[in-house]
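Since the model is a prediction, treat every value here as computed from it, not as a measurement.
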Amino acid sequence: MINPIKIGSITLKNNIIAAPIAGYSDVAYRHLCKDFGAGITPTEMVSAKGLVYQNKNSYPLLMTAENETPTCVQLFGSEAEFFVKAIDEFKRLNYHFDIIDINMGCPMPKITKNGEGSALMKDTLNACKIVEETKKHHKAVTCKIRIGWDEENINAVSFAKNLESAGVDAVTVHGRTRKQMYTGYANWDVIGEVKANLKIPVIGNGDIRSFDEAQEKMTKFKVDGVMIGRGAIGRPQIFQRTIHNPQRTLTDKIILKHIEYLEKYFDERYTINSMRKHLAYYLKGIDGTKELRQKINRIEKICELQEAILDGLTF
């Protein structure tokens, strides 16, 4: 059921949301997802502490496109004070975000070893403290979690209920444990249990590969919305109903628009490197693109990349 969804005082036009994906969800990609109707497009996760200490690598992650309304920034960290200070830093930098999403689901060892990301699911008191302090300084706060640390510690229901009590406005649940990382399958039964036990909006995430699957998941598990991650890389049109055959849905126009947005926000080197990653997904499953793939890896100029796409894709 595609409907508006209210998160705190913020209303999204629809409930199919783009997931923040490190290394992919830059402002150009989000601009494109928004073009195709994503309800909201959160930034890649940004270190609250890094922002406070004015790490310059954080600033490009904060850029937003003109069509990103409402806006959402995803922060990660393990100390409540830095989330509060990060909000002050947004004000200093003249950045406005309608929603702050707190990452409590990232499974990467470099994140969890610091007690951040999904490690917070093993520290409910601290997780709730972070939510409580952030809510004191920002109107709309959400959290993204997993179903648990491992199969022996699936605590998404109790953890999400505690976050709700702490004042969070919505919870997104990725249907894998931290141990699974991105392997295996998402457990949507647990996501459904979370929804059944909470009053705030619950958004489900994991293994959604089409618009119809998004609708099916919302209907079957009664969640308020869905978040699409890897299923949207190379297929930003997933946020609206399209023919599913990639041979027919992929057009050079989508890729060229992506390049145009990258060129708008970034320099040539970044644009080329970013498109190499994205094109691996755009061209996946498309017959007759082997030569184009090889050519792209040798290209160093945007104009050459655009020409290669026009020459190599004849749909």
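Within a 6.0 Å radius of CD in E291, no more than 12 heavy atoms belonging to other residues, nucleotides or ligands are found. The environment of K6 atom NZ is sparse: at most 12 non-hydrogen atoms of other residues, nucleotides or ligands sit within 6.0 angstrom. For NZ of K277, the number of neighbouring non-hydrogen atoms (other residues, nucleotides, ligands) closer than 6.0 Å is greater than 12. Heavy atoms from other residues, nucleotides or ligands lying under 6.0 Å from CZ of R269 number 12 at most. Counting non-hydrogen atoms of neighbouring residues, nucleotides and ligands closer than 6.0 angstrom, the CE atom of M108 reaches no more than 12 such neighbours. Residue Y53 qualifies as open at atom OH: its count of foreign heavy atoms under 6.0 Å is 12 or below. By the 6.0 Å contact criterion, NZ on K264 is enclosed, its count of non-hydrogen atoms from other residues, nucleotides or ligands being greater than 12.
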Exercise for review: For K144 and N205, run side chain to side chain donor-acceptor pair (under 3.5 Å): C-alpha distance rounded to whole Å, both residues' side-chain angles, the deciding distance at 0.1 Å, then the answer.
Suggested key: CA-CA 9 Å; K144 187 178 183 189; N205 173 228; 3.2 Å; yes
Practice item. Test side chain to side chain contact (heavy atoms under 4.5 Å, CB included) on I102 and I130 and set out the steps. Key: CA-CA 9 Å; I102 301 172; I130 290 171; 3.8 Å; yes
Check your understanding: Run the side chain to side chain contact (heavy atoms under 4.5 Å, CB included) check on I100 and T134 step by step: do they pass?
Key -> CA-CA 9 Å; I100 291 178; T134 306; 4.3 Å; yes
Practice item. Test side chain to side chain contact (heavy atoms under 4.5 Å, CB included) on E268 and E300 and set out the steps. Key: CA-CA 8 Å; E268 187 166 60; E300 297 294 340; over 6 Å; no
Exercise for review: In sequence, state the C-alpha distance, the side-chain angles, and the governing distance for K85 and E81, and then conclude on salt bridge (charged side-chain N to carboxylate O under 4.0 Å, His left out).
Suggested key: CA-CA 6 Å; K85 290 178 180 178; E81 64 180 292; 3.5 Å; yes
Review point. Can you check side chain to side chain contact (heavy atoms under 4.5 Å, CB included) on N15 and V223, steps first, answer last?
Key: CA-CA 10 Å; N15 50 357; V223 290; over 6 Å; no
Exercise for review: Please step through ring pair (Phe, Tyr, Trp, His ring centres under 6.0 Å) for the pair F266 and Y261, ending with a clear verdict.
Suggested key: CA-CA 8 Å; F266 303 103; Y261 287 157; over 10 Å; no
Exercise for review: Apply the test ring pair (Phe, Tyr, Trp, His ring centres under 6.0 Å) to residues Y282 and H258: give CA-CA distance (whole Å), side-chain angles for both, the deciding distance (0.1 Å), then the verdict.
Suggested key: CA-CA 11 Å; Y282 277 120; H258 195 157; 5.8 Å; yes
Exercise for review: Would you check, one step at a time, whether the test salt bridge (charged side-chain N to carboxylate O under 4.0 Å, His left out) holds for K217 with D207?
Suggested key: CA-CA 10 Å; K217 289 287 193 292; D207 299 342; over 6 Å; no
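Note: N126 CG to E79 CD = 8.5 Å, rounded to the nearest 0.5 Å. For the atom pair D101 CG and M45 CE, the distance stands at 11.5 Å (nearest 0.5 Å). In this structure, NZ on K13 lies 15.5 Å from CD1 on I2, to the nearest 0.5 angstrom.
When atom types are taken as modelled, the side chain of E263 and the backbone of I302 share no donor-acceptor pair closer than 3.5 angstrom. Side chain of N114 to main chain of E116: no donor-acceptor pair is present (N/O by atom type, distance under 3.5 Å, no hydrogens or angles). Side-chain N or O atoms of Q240 include none that pairs as donor or acceptor with a backbone N or O of Q237 at under 3.5 Å. When atom types are taken as modelled, the side chain of S165 and the backbone of K161 share a donor-acceptor pair closer than 3.5 angstrom. Remark: side-chain polar atoms of Q215 are not paired, donor with acceptor, to backbone N or O of D212 under 3.5 angstrom. Side-chain atoms of S158 come within 3.5 Å of backbone atoms of N155 as a donor-acceptor pair (strictly under, hydrogens ignored). Side-chain N or O atoms of R235 include one that pairs as donor or acceptor with a backbone N or O of G231 at under 3.5 Å. Under the 3.5 Å distance criterion, the side-chain polar atoms of R176 are matched with a main-chain donor or acceptor of T183. Side chain of E164 to backbone of I200: a donor-acceptor contact under 3.5 angstrom is found. In this structure a side-chain-to-backbone donor-acceptor pair under 3.5 Å is missing from T289 to L292.
Placement of F36 and I255 within a single hydrophobic cluster is found when ILVMFWY residues are connected by side-chain heavy-atom separations under 4.5 Å, directly or transitively. Put simply, L279 and I254 are part of the same group of oily side chains (I, L, V, M, F, W, Y) that touch within less than 4.5 Å, one to the next. I233 and M275 fall into different hydrophobic clusters, where Ile, Leu, Val, Met, Phe, Trp and Tyr are joined by side-chain heavy atoms under 4.5 Å apart, directly or via other members. Under the 4.5 Å side-chain heavy-atom criterion for grouping Ile, Leu, Val, Met, Phe, Trp and Tyr, L163 is connected to V157 within one hydrophobic cluster. Note on F159 and I191: same hydrophobic cluster, where clusters join Ile, Leu, Val, Met, Phe, Trp and Tyr whose side-chain heavy atoms are under 4.5 Å apart, directly or indirectly.
For R276 and Y270, the positive end is not near the middle of the six-membered ring at less than 6.0 Å and at most 45° from its axis. With F221 as the aromatic partner, K195 does not meet the cation-pi criteria of under 6.0 angstrom to the ring centre and within 45 degrees of the ring axis. Taking the ring centre of Y59 as origin, the terminal cationic atom of K56 falls outside the region bounded by 6.0 Å and 45° from the ring axis. No cation-pi contact links K220 to W188, judged by a cut-off of 6.0 Å to the six-membered ring centre and 45° from its axis.
Of the listed residues (L51, V27, T43), just one forms a side-chain contact (heavy atoms from CB on, under 4.5 Å) with L62, and that residue is L51. The side-chain hydrogen bond (donor to acceptor under 3.5 Å, both in side chains) test with D169 singles out one residue from K139, H138, K135, and that residue is K135. Residue E133 forms a side-chain hydrogen bond (donor to acceptor under 3.5 Å, both in side chains) with just one option from H137, K136, K129, and that option is K136. Residue V46 is tested with N57, N55, L75, N103 for a side-chain contact (heavy atoms from CB on, under 4.5 Å); the sole match is L75.
Contact of the T172 side chain with the I145 side chain is not registered, since no non-hydrogen atoms from C-beta on lie closer than 4.5 Å. The closest side-chain heavy-atom distance from I154 to I147 is below 4.5 Å. Contact check for K179 versus W149: no side-chain heavy atoms found under the 4.5 Å cut-off. Proximity of I17 to L12: side-chain heavy atoms (C-beta onward) are separated by under 4.5 Å at one or more points. When side chains are defined from C-beta on, I299 counts as touching I272, because their heavy atoms get closer than 4.5 Å. Residues V173 and V202 are in side-chain contact: their nearest non-hydrogen atoms beyond the backbone lie under 4.5 Å apart. With contacts defined as side-chain heavy-atom distances shorter than 4.5 Å, the pair K122/R178 does not qualify. Within the 4.5 Å cutoff, the side chain of T142 has no heavy atoms near those of the V171 side chain.
T124 and N162 share no side-chain donor-acceptor pair at under 3.5 Å. For the residue pair S25/E44, the side-chain donor-acceptor check at 3.5 Å is not satisfied. For the residue pair N67 and D35, a side-chain donor N or O sits within less than 3.5 Å of a side-chain acceptor on the partner.
Across every non-hydrogen atom of A140 and I7, the tightest pair is CB-O, 4.0 Å.
Separation of the F90 and F97 ring centroids falls under the 6.0 Å cut-off.
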